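Worksheet: one structure, shown below.
So you know, we letter chains A, B, ... as the sequences are listed, proteins then strands, and number each from 1. A quick note: this is a predicted structure, and the numbers were derived from the prediction, not measured. Because only heavy atoms are used, hydrogens play no part in the values below, and waters and symmetry mates are left out as well, while side chains stay in.
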Amino acid sequence: MRFSRYFLPVLKETPKEAEIISHQLMLRAGLIKQQAAGSYSWLPFGYKVLMKVQRIVEEEQNRAGAVEMLMPTLQSADLWRESGRYDAYGKEMLRIQDRHERDMLFGPTNEEMITDVFRSYVRSYKDLPLNLYHVQWKFRDEVRPRFGTMRSREFLMKDAYSFDLDKDRAVAAYNRMFVAYLRTYWRMGLTAIPMRAETGPIGGDLSHEFIVLAETGESGVFCHADMLDKPIPPADTDFRGDLTPIVQDWTSLYAATEDMFDKAEYEATVPENKRISARGIEVGQTFYFGTKYSEPMKATVTRPDGQEVAVHMGSYGVGVSRVIPAIIEASHDDAGIIWPVSVAPFEAILISLKVGDAATDAAAEKLYAELDAAGIDVLYDDRDQGAGGKFATADLIGVPYQLIVGPRGLKDGQVEIKHRKGGERETLAIDAAVARLKGLIEPQRRDQA
RNA sequence: CGGAGUAUAGCGCAGCCUGGUAGCGCACCUGCUUCGGGAGCAGGGGGUCGAGUGUUCGAAUCACUCUACUCCGACCA
């Protein structure tokens with residue numbers, strides 16, 4: 001992509017409405033534009049990140065055996081009356097009437113609708129287990145939206161729903177999502193810790209929140225320090241096998257949100273030098289809630305013995321649009337964002353320092369074509385601007401590698417690679433640059449890992 | 001939903017107290033010179049001062065009402 005033909009409005013100054021660093025940087029680096037309280041446009045640069053995050057979520061859901069579909073944003077109130085949540089949900093649910101004065105709502109979540117899909121088709125235990133998911137916009141009319149897309153009213157969420165014959169099998173389904181989540185956040189460069197959590201209005205008795213530690217997080221959390229560097233299950237993990245050992249390992253150390261905090265247990269099981277009491281951002285949550293929806297909504301299957309039983313369900317959410325500020329909170333410096341390669345909007349930025357200079361133009365154009373041919377997603381800063389501004393922009397938008405081409409180096413046939421994270425610089429022969437970048441970038445994509 | 005604030009050019013702000021020609025920096029446009037860390041010079045364009053009502057000869061400025069947005073708290077992917 002040529003910068004001159006792209007739409008990337010960067011701001012030199014910090015908009016005054018933004019309080020936390022991720023919100024400031026998302027506005028300054030041209031990812032989002034606020035449209036109303038808790039409502040944002042995703043500009044091209046931000047949308048690219050959003051789609052990369054979504055893609056990782058989808059790949060890991062699919063790997064774990066979940067099946068993707070898509071449900072509408074607007075739902076009929078009747079469905080919610082069946083579960084009893086139409087009255088229970090409160091003002092956070094945006095209620096709408098259509099032209100026939102039928103009660104509708106903008107979905108804050110989809111348990112009712114997926115249960116309706118399930119009960120319309122599934123009759124036999126032989127069709128289980130089943131896990132259906134979608135990535136769709138949700139609306140929750142928050143009393144106080146804040147921090148940009150961290151707590152917006154309209155947000156993109158992946159929500160998966162599992163259906164099983166009994167509790168044991170439902171817990172196995174829960175474990176599959178648990179492991180998928182460990183891999184999902186890791187692939188985005190996040191350290192997300194599963195913590196015992198309250199179930200809230202979703203209901204149920206088994207739940208984990210996946211938390212990224214950050215000063216600006218909205219949840220208070222307590223955990224064992226060793227939770228931070230546990231090994232992530234590999235890509236060839238057998239999701240059809242028994243995942244209990246992995247989940248047991250990950251839940252053996254103390255980790256809980258403040259709602260579930262048990263001081264006595266915490267102090268008894270976590271040595272003093274391993275105690276972490278911090279704030280965190282909730283980037284996902286898993287629930288097992290048994291027959292809470294299947295019973296009232298009559299989502300049943302026939303067992304081998306001929307008896308008809310309500311299915312055991314779980315739901316599993318990832319706040320796709322929230323993950324992005326979480327990544328930025330975890331990875332930035334004074335100059336701007338530092339994207340992990342796996343979610344970076346571009347993998348490299350090619351900076352031409354003297355547009356209009358024949359030798360520089362020729363070298364930059366050639367490198368641009370070669371990078372493209374090498375399969376590297378590159379932003380080519382071909383704008384006729386001072387070098388200082390270009391460096392500042394490149395740092396701000398956080399592209400992982402900067403390939404710098406200017407007359408000074410070209411005299412000796414050399415170009416420079418700057419690593420955004422860490423700031424290391426390498427000077428190398430122009431012919432070696434593309435291969436070097438490829439070598440740096442490919443292992444960090446985490447798409448094969 | 002309680003408390004506190006803000007609203008003046010695309011962005012950041014001054015002007016308001018003490019009513020009288022709407023201003024600064026950045027950004028934008030034109031030209032020239034520049035070109036390795038947010039360049040320089042010269043010229044130029046852009047505003048129903050959030051909305052409404054009132055007071056006044058005269059309102060960005062004073063009064064009242066409303067709206068939007070932000071922050072703190074209580075609540076939540």
Side-chain angles (χ1 to χ4, degrees), chain A residues 9-20 23-24 27-28 30 33-39 57 89-93 107-111 135-160 181 192 197-202 207-212 217-219 257 259 281-287 315-326 335-336 351-357 360-361 383-396 402 404-411 414-416 418 423 425 427:
Chain A
V10 303
L11 306 176
K12 213 161 170 176
E13 288 172 287
T14 303
K16 64 176 170 183
E17 73 264 19
E19 193 68 13
I20 64 170
H23 188 195
Q24 294 174 355
L27 291 167
R28 286 193 56 210
K33 172 194 172 4
Q34 181 169 2
Q35 301 295 160
S39 165
V57 171
Y89 215 94
K91 295 181 88 170
E92 208 174 85
M93 184 157 78
T109 178
N110 286 63
E111 278 84 5
V135 180
Q136 177 62 292
W137 293 94
K138 306 293 188 291
F139 193 94
R140 294 184 189 174
D141 200 357
E142 299 280 348
V143 190
R144 189 181 162 209
R146 65 184 125 172
F147 300 155
T149 65
M150 187 91 85
R151 174 165 303 285
S152 50
R153 292 193 296 172
E154 190 174 346
F155 61 97
L156 189 61
M157 179 164 94
K158 185 285 300 182
D159 39 326
Y181 277 23
E198 275 198 327
T199 53
I202 309 276
S207 182
H208 289 87
E209 284 184 14
F210 285 72
I211 301 275
V212 175
E218 296 186 276
S219 321
T257 63
D259 300 330
I281 300 165
E282 181 192 345
V283 289
Q285 188 165 11
T286 51
F287 300 89
S315 75
Y316 316 91
V318 172
V320 175
S321 49
R322 175 182 283 182
V323 156
I324 293 167
I351 303 175
S352 169
L353 288 180
K354 194 166 182 177
V355 172
D357 174 73
T360 309
D361 285 348
R383 297 169 305 156
D384 187 6
Q385 259 200 12
K390 288 190 162 189
F391 289 135
T393 297
D395 287 348
L396 173 64
Q402 300 172 9
I404 300 162
V405 182
R408 202 172 79 185
L410 284 178
K411 277 199 323 255
Q414 291 185 322
V415 292
E416 190 178 3
K418 179 186 164 187
R425 291 163 185 279
T427 301

Would you mind classifying the nucleic acid contact of A:Thr14 as base, sugar-phosphate or nothing, using non-hydrogen atoms under 4.0 angstrom?
sugar-phosphate

Are A:Thr257 and A:Glu282 close enough that some pair of their side-chain heavy atoms sits under 4.5 Å apart?
no

Under 3.5 Å on both distances, the Watson-Crick or G-U partner of B:C26
B:G10

What is the pairing partner of B:G2, taking Watson-Crick or G-U wobble pairs with both distances under 3.5 Å in any strand?
B:C72

Quote, to the nearest angstrom, the C1' distance that separates B:C17 from B:A59.
15 Å

Would you mind classifying the nucleic acid contact of A:Gly356 as base, sugar-phosphate or nothing, using non-hydrogen atoms under 4.0 angstrom?
nothing

Could you tell me which non-hydrogen atom of A:Ile404 sits nearest to which non-hydrogen atom of A:Arg425, and how far apart they are?
CD1-NH1, 4.2 Å

Tell me which of A:Leu11 and A:Glu142 sits closer to the 5' end of RNA chain B, going by the nucleotide each one is nearest to.
A:Leu11

pair A:Leu27-A:Glu17: side-chain heavy atoms closer than 4.5 Å
yes

Taking the minimum atom-to-atom distance to the side chain of A:Lys16, which one of B:C1, B:G12, B:A77 wins?
B:G12

For A:Asp395 and A:Gln402, test the side chains for any donor-to-acceptor distance below 3.5 angstrom and give the result as yes or no.
yes

At less than 3.5 Å, do the side-chain atoms of A:Arg28 and the base atoms of B:G38 form a donor-acceptor pair?
yes

pair A:Val355-A:Gln385: side-chain heavy atoms closer than 4.5 Å:
no

Figure out the CD1/P separation between A:Ile404 and B:C35, and round it to whole Å.
18 Å

For A:Ser39, answer base if it contacts any base atom (sugar-phosphate contacts may also be present), sugar-phosphate if it contacts only those atoms, and nothing otherwise; contact means non-hydrogen atoms under 4.0 Å.
nothing

At 4.0 Å (heavy atoms only), tell me whether A:Gly317 reaches a base, stays on the sugar-phosphate, or touches nothing.
nothing

Here the distance between atom C1' of B:C75 and atom CG of A:Asp259, to the nearest Å, is 11 Å

Pairwise C1' distance for B:C62 and B:C16, with rounding to whole Å:
10 Å

base_contact_polar (B:G37 base, A:Arg425 side chain, donor-acceptor, <3.5 Å)
yes

B:G54 versus B:G45 - spacing of their P atoms, nearest Å:
36 Å

Check whether any side-chain N or O of A:Asp361 sits under 3.5 Å from a backbone N or O of A:Gly356 as a donor-acceptor pair, and report yes or no.
yes

Counterpart base for B:U21, defined by Watson-Crick or G-U wobble contacts under 3.5 Å
none

So which nucleotide from B:C69, B:C26, B:A77 ends up closest to the side chain of A:Gln34?
B:C69

What's the gap between B:C13 and B:C71 when it is taken at their P atoms, as a whole Å value?
14 Å

Determine the Euclidean distance between corresponding P atoms of B:G50 and B:A7; express it in Å to zero decimal places.
8 Å

Same-atom distance (P) from B:A14 to B:A9, integer angstrom
12 Å

Given atom CD1 of A:Ile281 and atom P of B:A77, what is their separation to the nearest angstrom?
14 Å

Mark this stacking check for A:Phe391 against B:G38 as yes or no, applying ring centres under 5.5 Å and ring planes under 30°.
no

Between A:Gln285 and A:Lys91, which has a closest nucleotide on RNA chain B that is more 5'?
A:Lys91

Shortest side-chain distance from A:Lys354, nucleotide among B:A77, B:C69, B:C35:
B:C35

Quick note, A:Glu13 side chain, CB onward, closest among B:C69, B:G25, B:A77 is B:G25

Please report the distance separating the C1' of B:C49 from the corresponding atom of B:U21, rounded so that it comes out in whole Å.
15 Å

Pick base, sugar-phosphate or nothing for A:Asp357, based on heavy-atom distances below 4.0 Å to the nucleic acid.
nothing

Counting the atoms with a prime plus P, OP1 and OP2 as sugar-phosphate, which does A:Gly388 contact under 4.0 Å by heavy atoms, base, sugar-phosphate, or nothing?
sugar-phosphate

Would you mind reading off the distance between A:Lys390 atom NZ and B:G38 atom C1', rounded to a whole angstrom?
13 Å

In whole Å, what separates the C1' atom of B:U8 from that of B:G25?
15 Å

Looking only at side-chain atoms of A:Ala37, point me to the closest of B:C69, B:G37, B:G12.
B:C69

Among B:A77, B:G38, B:U70, which nucleotide sits nearest the side chain of A:Arg140?
B:A77

Do the side chains of A:Thr360 and A:Leu410 get nearer than 4.5 Å, heavy atoms only?
yes

Across all strands, who's sitting opposite B:C41 as a Watson-Crick or G-U wobble pair, both distances under 3.5 Å?
B:G31

To the nearest Å, how far apart are A:Asp384 CG and B:C35 C1'?
9 Å

Under 3.5 Å, which protein N or O atoms sit close to an N or O of nucleotides 71-74 of chain B? Give each pair with its distance.
residue : atom : partner  : partner atom : Å
B:C72   : OP2  : A:Arg144 : NH1          : 3.4
B:C72   : OP2  : A:Arg144 : NH2          : 2.3
B:G73   : N7   : A:Arg144 : NH1          : 3.4

Contact class for A:Ala392 (heavy atom, under 4.0 Å): base, sugar-phosphate, or nothing?
base

Could you list the donor-acceptor pairs under 3.5 angstrom formed by side chains in residues 142-150 of chain A, with sequence neighbours left out?
residue  : atom : partner  : partner atom : Å
A:Glu142 : OE1  : A:Arg151 : NH1          : 3.3
A:Glu142 : OE2  : A:Arg151 : NH1          : 3.0
A:Thr149 : OG1  : A:Ser321 : O            : 3.1

Where do A:Val320 and A:Lys158 come nearest, in terms of heavy atoms and distance?
CG2-N, 3.9 Å

Can you tell me if the side-chain N/O atoms of A:Lys418 get under 4.0 Å from OP1 or OP2 in B:G37?
no

Counterpart base for B:G54, defined by Watson-Crick or G-U wobble contacts under 3.5 Å
B:C62

Do A:Tyr181 and A:Val283 have side chains that approach each other closer than 4.5 Å (heavy atoms only, starting at C-beta)?
no

